[in-house]
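As the structure lists them, so they are numbered: ligands from 1, and atoms in each ligand from 1. Computed from a predicted structure; not experimentally measured. The first residue in the sequence is number 1, and the count goes up from there.
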Amino acid sequence: MANTSQSLFDRGMKVLVEGVSSASRGPATFGGAPRYMSHGAGARLYDVDGREYIDWMMAFGALPLGHAHPKVVETITREVARGTHFATALKVEVEVAEMLVALLPHVDKVRFANTGTEAAMAAFRLARGYTGRRKIIKFEGHYHGWWDSVLVNTNPLPPTMLGHPNDPIRIPDSSGIPEEAWKDTIVVRWNDVEALERAMALHGRDAACVVTEGVMSNMGVIPPKPGYLNRMQELCHQHGALFYLDETVTGFRLAAGGAAEIYGLSPDIVTYGKALGGGLPMAMIGGRAEIMAGLEWGKVLHFGTHNAGRLALHLTKVMLETMLADNQAGFAKIKDLGLKMAAEVRCVAKASNRHGVVVQGVNSMFQIFFTDREEITDFRDFCTHVDRAKFRDFALRLMDKGIYMNPSATLHSLSSIVHTEADIAATARAMAEVLEEMP
Ligand SMILES: Cc1ncc(COP(=O)(O)O)c(C=O)c1O
């Protein structure tokens with residue numbers, strides 16, 4: 001069988017760091033050569049040797065419309081012929097901002113950026129500028145991009161390095177981060193109201209913001225306990241800290257209004273990325289007018305040559321129009337498919353009964369944990385009770401059967417509007433075989 005991926009990887013290793021441009025695409029995740037993809041169509045990816053895969057990763061959630069959606073192709077083809085990027089004010093910029101403000105009740109104004117990381121950097125600076133405070137309260141296992149100040153306790157750690165739950169040991173996830181960068185970053189256990197109340201009593205009055213993912217999405221999928229995020233919002237208001245909901249993953253995924261909508265939240269600041277751009281880099285910071293005014297010239301600085309790229313904005317518009325049509329049918333569809341896929345995996349695992357498997361999901365997102373626990377509720381559970389090596393084996397075996405999921409247990413799978421019930425059935429069949437084959 002041809003293995004062009006291996007030969008591309010051998011070449012890539014000579015000229016690219018790890019053969020790729022992000023560790024999650026290379027040997028650190030795949031254990032060796034990743035599959036090199038040549039093209040995508042609908043819910044399918046095709047590798048350089050012509051093998052076909054049902055894609056459940058969808059570019060880490062950037063593709064709610066799937067690959068090469070006809071409206072996306074038509075829009076890009078039309079618009080690219082009129083120029084790629086102007087770095088000027090644009091009509092489409094106003095139009096898309098109007099759509100977003102109409103859709104999101106907690107957002108009066110938006111500022112466009114390119115990636116989730118950049119939007120978060122600007123949001124943290126804005127929170128500090130607006131409140132005049134320095135501390136950032138974040139949670140164990142939550143990822144808000146690779147900026148120095150919040151790149152702390154975002155990767156799984158050995159259980160002996162977690163520290164006491166009342167006082168998690170703070171561990172930066174990278175060399176090259178000066179201590180000053182995370183000196184004012186407080187790390188708290190997530191999904192634990194008491195831990196948060198304790199942290200707020202200690203640091204709340206110095207906190208510029210409390211930042212959270214709406215659903216923990218960088219340790220598989222871990223939903224918030226009922227009322228937990230609402231209590232967080234309340235505590236922020238009590239202490240004058242901004243409540244910052246990072247919707248990079250959950251935005252335009254869980255519902256039209258993201259995690260804020262499904263959990264009834266009204267965050268002070270939100271950031272979005274991934275799905276927002278419908279496949280091209282697009283991110284945004286949003287919030288109440290009074291807070292967002294902090295980004296005006298002379299107050300809190302946010303620049304960027306590629307901010308509000310016109311091609312990406314046109315795709316954002318297409319994504320929103322397509323997902324919102326017919327009373328938000330696109331969001332209903334991805335939710336339905338995601339829930340069905342998660343239920344199917346549960347059935348398959350139960351029927352096989354050879355491995356401890358727990359499937360956790362929220363609407364269109366789901367993840368499969370190999371664990372003896374009944375539920376994974378936070379970072380500590382994940383680090384202590386999830387068998388990540390087993391998940392990688394599972395995902396790599398699935399890949400050989402034409403099912404593409406990222407082999408990292410810390411990530412998750414996603415449905416798009418172009419997945420079908422037949423895709424779910426085919427995926428379930430492949431999973432049943434893999435669970436029988438696995439040691
Ligand atoms: C919750 C969250 N915030 C921010 C980011 C950073 O986004 P980007 O990769 O676009 O910089 C990510 C990326 O996975 C994320 O999951």
With a 4.5 Å cut-off on side-chain heavy atoms, are [Y] and [X] touching?
| X | Y | answer |
| --- | --- | --- |
| Leu45 | Arg35 | no |
| Leu313 | Lys317 | no |
| Asn363 | Phe331 | no |
| Asn307 | Glu118 | yes |
| Ile136 | Trp182 | no |

Measure the distance from [atom] to every protein heavy atom, then report the residue, atom name and distance (to 0.1 Å) of the closest one.
| atom | value |
| --- | --- |
| atom 2 (C) of ligand 1 | Tyr143 O, 3.1 Å |
| atom 9 (O) of ligand 1 | Thr117 OG1, 4.4 Å |
| atom 3 (N) of ligand 1 | Asp246 OD2, 2.7 Å |
| atom 16 (O) of ligand 1 | Asn218 ND2, 3.0 Å |
| atom 4 (C) of ligand 1 | Thr248 OG1, 3.4 Å |

Query raised in the report: Lys274: heavy atom below 4.0 Å from ligand 1, yes or no?
Result: yes
So if I count the atoms of ligand 1 from 1 in the order they appear, which ones are less than 4.0 Å from some heavy atom of [X]?
| X | result |
| --- | --- |
| Gly116 | 6 (C), 7 (O), 8 (P), 10 (O), 11 (O) |
| Gly145 | 4 (C), 5 (C), 6 (C) |
| Thr115 | 10 (O), 11 (O) |

Requested in this report: May I ask you to check whether His144 has an N/O atom sitting below 3.5 Å from an N/O atom of ligand 1?
Outcome: no
Query raised in the report: Is the number of heavy atoms from other residues, nucleotides or ligands under 6.0 Å of Arg82 CZ greater than 12?
Result: no
Query raised in the report: Taking 4.0 angstrom as the limit, do Arg231 and Glu234 come out as a salt bridge?
Result: yes
